[in-house]
Amino acid sequence: MKRFISFSLILFSLFVMISCQSTKAIECTADDYLAQHMEEGFLTGKTDYVISGMMVNEPYDTYNFLELTDYHVEDDGVSVVLKGTLGEEWVTKLSKVLKSYTREDGSALSEEDFTNNKGIFIPIRAKATPDSNFAFFVPKNIICEVQTAWGDVLYTNKSETNHASGDYLVCNAVDGKPDLSDVWVVNGAVFETTYNLNK
C-alpha cells in the first residue's frame, strides 16, 4: 500500500511539473516570432464597427489595460484619444483618424468634429478595409515584445484581461505582402470583432 501511495505521489508530482511547464509563458521579440511564423500570416482588414474619439482640452492621462501602456496627451491639436470596443484607450494622430474613420452615419469626418468638441468623446465608425493588413496569430502562452514605429513598447498576451485564444501581430499590407516596418498588437478578443478572420 505504501509503495502504491509513493508511486501515486510521484506520478502526481510529474503531472504537476509537466502542466506547469506547458503553461509557462514563452517570451520573445516580435521580430523573432515573425521570422519563425512568416508563412502563417494571413490577409485581413478592418470591419465596419463604431468606437469613439476625443481631442483633449487639457492634459489627459490614460492606461490601456489591453496593451499595458500608459498614454499622456496634451492639447496639441494633432492627438486624438480613441476608446475601443472593450473600453480600452489609446492615442493616435488626427490625420490617421480622418483617414481611417467616418462619422457614425458614414459621412466624412473633419478636423472641426474634434476641435469643436474638445474634451468630449464622439462616436466614429471604422472604414471597412478588406485585405489591407496582414495578421499573425500569437497563442496565449507566448508574450512578444513589440517596438512600435511610433515609439511605444507593446506586448502580446501579457495582461490579465481576456485575450480569447491569443493576440495578433498586425501590420499593413503593401503589394500583397506584410510591411514589417510598422507592427502593432491587436488583442484577440478585439480582433474577432474588428478584423476579418480570413485564415
Side-chain angles (χ1 to χ4, degrees), residues 30 43-136 144-156 158-159 161 167-175 177-196:
L43 269 174
T44 184
K46 285 187 176 180
T47 58
D48 180 339
Y49 59 91
V50 176
I51 60 171
S52 57
M54 172 183 70
M55 189 173 277
V56 301
N57 56 356
E58 60 185 14
Y60 184 88
D61 292 295
T62 187
Y63 176 73
N64 187 311
F65 58 88
L66 298 182
E67 299 175 347
L68 303 179
T69 304
D70 291 295
Y71 289 98
H72 176 78
V73 195
E74 297 283 343
D75 181 6
D76 58 10
V78 296
S79 298
V80 176
V81 181
L82 296 179
K83 184 179 290 189
T85 57
L86 296 182
E88 75 282 9
E89 293 183 2
W90 71 100
V91 180
T92 192
K93 299 297 182 191
L94 175 63
S95 57
K96 187 172 182 179
V97 174
L98 297 179
K99 180 180 176 183
S100 303
Y101 298 88
T102 67
R103 293 176 180 159
E104 190 173 17
D105 64 6
S107 60
L109 266 176
S110 68
E111 182 176 344
E112 289 72 28
D113 289 319
F114 292 99
T115 57
N116 293 342
N117 293 288
K118 283 189 176 183
I120 301 169
F121 279 101
I122 62 171
I124 56 177
R125 183 178 296 278
K127 294 179 181 177
T129 53
D131 297 340
S132 62
N133 301 102
F134 265 88
F136 301 83
C144 285
E145 180 183 275
V146 182
Q147 301 280 343
T148 68
W150 58 91
D152 289 323
V153 179
L154 307 177
Y155 297 91
T156 63
K158 196 167 184 182
S159 66
T161 191
D167 290 346
Y168 292 80
L169 296 173
V170 180
C171 64
N172 289 317
V174 177
D175 298 326
K177 297 178 181 178
D179 175 11
L180 301 182
S181 66
D182 185 7
V183 177
W184 61 93
V185 176
V186 178
N187 178 282
V190 173
F191 190 93
E192 294 176 1
T193 60
T194 57
Y195 283 82
N196 293 312

Just by distance, do the side chain of [X] and the backbone of [Y] share a donor-acceptor pair under 3.5 Å?
X    : Y    : result
D70  : Y63  : no
T161 : L66  : no
K127 : K99  : yes
T47  : T194 : yes
D175 : K177 : no
N64  : E89  : yes

State plainly whether the residues E104 and R125 are in salt-bridge range, i.e. N to O under 4.0 Å.
no
Is there side-chain contact between [X] and [Y], with heavy atoms separated by less than 4.5 Å?
X    : Y    : value
D152 : Y71  : yes
F191 : T44  : yes
F114 : I124 : yes
N172 : W184 : yes
F134 : L180 : no
L82  : Y101 : yes
E74  : S79  : no
H72  : D61  : yes

Which heavy atom in [X] sits nearest to a heavy atom in [Y], and how many Å separate them?
X    : Y    : result
C171 : F136 : SG-CE1, 4.4 Å
V50  : P123 : CG1-CB, 4.2 Å
L86  : A189 : CD1-CB, 4.1 Å
D182 : A149 : OD1-CB, 3.6 Å
T85  : T193 : OG1-OG1, 3.8 Å
E88  : V190 : OE2-CG2, 3.9 Å

Take V153 and Q147 through the test side-chain contact (heavy atoms from CB on, under 4.5 Å) and record every step on the way to the result.
CA-CA 5 Å; V153 179; Q147 301 280 343; 3.5 Å; yes
Quickly, which of L154, T148, L169 forms a side-chain contact (heavy atoms from CB on, under 4.5 Å) with V183? Name it, please.
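Testing each of L154, T148, L169 against V183, the sole residue satisfying side-chain contact (heavy atoms from CB on, under 4.5 Å) is L169.
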As a test of understanding, state which of N187, V186, V185 forms a side-chain contact (heavy atoms from CB on, under 4.5 Å) with T156.
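For T156, the side-chain contact (heavy atoms from CB on, under 4.5 Å) test succeeds with only one of N187, V186, V185, which is V185.
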Once you round to the nearest 0.5 Å, how far does [atom1] of [X] lie from [atom2] of [Y]?
X    : Y    : atom1 : atom2 : answer
L94  : T115 : CG    : OG1   : 8.5 Å
L109 : S100 : CG    : OG    : 10.0 Å
N196 : L43  : CG    : CG    : 10.5 Å

Just checking, K96 and W90: is the charged tip under 6.0 Å from the six-membered ring centre and within 45° of the axis?
no
